[in-house]
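The structure appears below as structure tokens.
Sequence positions, counted from 1, serve as the residue numbers for this chain.
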Amino acid sequence: IIKSHFNKLPFLMVRGEENLKNLEQMNLKTLLYSFPDISIGLNAESKTWAKKYLEKMLLKGKIVGISPSVVIRNIKQNSRQNCSGKNHKILSKMIIKQLIDKGNSVLIIPHSIGDGKDLTNCDLAFAKEIYAEIENDKLFILNDTSLAYKEVRAIIGQLDFYITGRYHSLVSALTIKIPVIALSWHTKYNDIMSLFHKKYLAINCRKKSIDDAFAEIDEFYQNRNWFDENYSVKMHKKLIAEIDKSIHLLFTEIEKKR
């Protein structure tokens with residue numbers, strides 16, 4: 001059914017090379033293009049705004065952000081050891097405690113918000129649960145549901161380091177040039193990170209054990225030789241040009257149908 005619908009389209013825009021390879025295996029008649037996610041082009045709110053916002057939260061010193069994901073939390077564990085399912089919370093708490101022990105303030109950033117209560121689809125509900133289980137004055141939670149996407153992106157821009165299980169928060173960190181690690185469950189995380197960095201860490205939570213994930217995260221946090229900001233800046237400019245091409249392609253097709 002999907003193949004039939006896809007073959008009726010003039011073209012398909014796919015996020016990332018790995019996703020493109022997956023679609024190519026369907027042997028579609030439709031033209032396929034790989035373009036970066038359009039959210040790469042979003043400008044963040046000003047740094048001044050973000051600094052003032054964090055000051056009101058009484059956040060001081062180095063701030064490390066973490067965004068646990070209910071998607072990963074709800075993925076069935078393939079074994080007792082991998083870091084999806086209930087082990088995602090265990091790993092998140094281990095990371096938070098380790099970062100605080102290293103002298104950081106830690107900000108939990110829920111990046112997909114529902115009613116703040118439903119653990120099946122709301123990151124805020126999950127964040128509240130984790131926050132309540134760790135009593136420490138160096139731990140903070142971003143529970144302001146009135147924030148716009150560009151404002152959250154600006155807050156991410158004030159972090160010293162970021163660990164996230166959410167795709168668009170990962171995009172924010174990459175575009176605003178913050179060292180970031182992904183807690184991933186899908187190839188799209190590798191796709192987007194490979195556009196900005198030659199070396200990166202995307203933990204496959206379906207397969208990686210808690211202990212191995214924790215060790216790799218600590219290694220990438222301690223040694224940041226992998227983070228090349230100049231390369232990221234250069235790639236960002238190139239990707240914006242690719243997005244412009246995708247928008248032009250889309251509007252050209254719309255004009256044909258008018």
I'd like to check [X] versus [Y] (side-chain heavy atoms, cut-off strictly below 4.5 Å). Are they in contact?
X: F196; Y: L239; value: yes
X: Q158; Y: I63; value: no
X: S39; Y: R153; value: yes
X: V233; Y: K237; value: yes
X: L174; Y: S232; value: no
X: L159; Y: V180; value: no
X: D191; Y: R15; value: no
X: F220; Y: I203; value: no

Could you state the interatomic distance from [atom1] ([X]) to [atom2] ([Y]), rounded to the nearest 0.5 Å?
X: H186; Y: E18; atom1: NE2; atom2: CD; value: 10.5 Å
X: I130; Y: I96; atom1: CD1; atom2: CD1; value: 5.5 Å
X: S184; Y: R166; atom1: OG; atom2: CZ; value: 13.0 Å
X: M57; Y: I141; atom1: CE; atom2: CD1; value: 8.5 Å
X: S34; Y: L12; atom1: OG; atom2: CG; value: 12.0 Å
X: D228; Y: K199; atom1: CG; atom2: NZ; value: 12.5 Å

Other residues, nucleotides and ligands only: do more than 12 of their heavy atoms fall within 6.0 Å of [atom1] on [X]?
X: K234; atom1: NZ; result: no
X: E135; atom1: CD; result: no
X: I240; atom1: CD1; result: yes
X: E219; atom1: CD; result: no
X: K188; atom1: NZ; result: yes
X: I254; atom1: CD1; result: yes

Minimum heavy-atom separation for [X] to [Y], with atom names?
X: I178; Y: G157; result: CD1-O, 3.5 Å
X: N74; Y: L119; result: ND2-O, 3.6 Å
X: Y162; Y: S67; result: OH-OG, 2.5 Å
X: I210; Y: M94; result: CG2-SD, 3.5 Å
X: I108; Y: A127; result: CG2-CB, 3.6 Å
X: I95; Y: I163; result: CG2-CD1, 3.6 Å

When the ring planes of [X] and [Y] are compared, do they come out parallel, tilted or perpendicular, using 30° and 60° as the limits?
X: H88; Y: F126; value: tilted
X: H197; Y: F227; value: tilted
X: W185; Y: Y189; value: perpendicular
X: F161; Y: W226; value: perpendicular

Exam field: side chain [X] to backbone [Y], donor-acceptor pair closer than 3.5 Å:
X: D123; Y: P110; result: no
X: S169; Y: G165; result: no
X: T164; Y: L170; result: no
X: N104; Y: V106; result: no
X: Y53; Y: A154; result: no
X: K3; Y: M26; result: yes
X: S105; Y: K60; result: yes
X: K208; Y: R206; result: no

Apply side chain to side chain contact (heavy atoms under 4.5 Å, CB included) to V70 and C122, showing your working.
CA-CA 6 Å; V70 289; C122 179; 5.6 Å; no
Let me check something: do [X] and [Y] share a hydrophobic cluster, defined by ILVMFWY side-chain heavy atoms less than 4.5 Å apart, either directly or through other members?
X: L250; Y: F6; answer: no
X: Y149; Y: I113; answer: no
X: L20; Y: Y167; answer: no
X: L249; Y: V14; answer: no
X: I243; Y: Y33; answer: no

Cationic N near anionic O, under 4.0 Å, K52 to E55
no
List the steps, then state whether side chain to side chain contact (heavy atoms under 4.5 Å, CB included) holds for Q222 with K102.
CA-CA 10 Å; Q222 297 282 10; K102 292 181 183 297; 2.4 Å; yes
After noting the C-alpha distance and the side-chain angles of K21 and E24, does the key distance pass the salt bridge (charged side-chain N to carboxylate O under 4.0 Å, His left out) rule?
CA-CA 5 Å; K21 290 176 185 176; E24 285 174 341; over 6 Å; no
No-hydrogen, no-angle side-chain donor-acceptor test under 3.5 Å, S209 and D211:
no
Judged by modelled atom types alone, do N143 and Y131 share a side-chain donor-acceptor pair under 3.5 Å?
no
Take S246 and E242 through the side chain to side chain contact (heavy atoms under 4.5 Å, CB included) test and state the conclusion after the steps.
CA-CA 6 Å; S246 71; E242 289 296 308; over 6 Å; no
Yes or no on side chain to side chain contact (heavy atoms under 4.5 Å, CB included) for I66 and L99, after CA distance, side-chain angles and deciding distance?
CA-CA 10 Å; I66 183 167; L99 291 169; 5.6 Å; no
R224 NZ/CZ over Y221 ring centroid, <6.0 Å and within 45° of normal:
yes
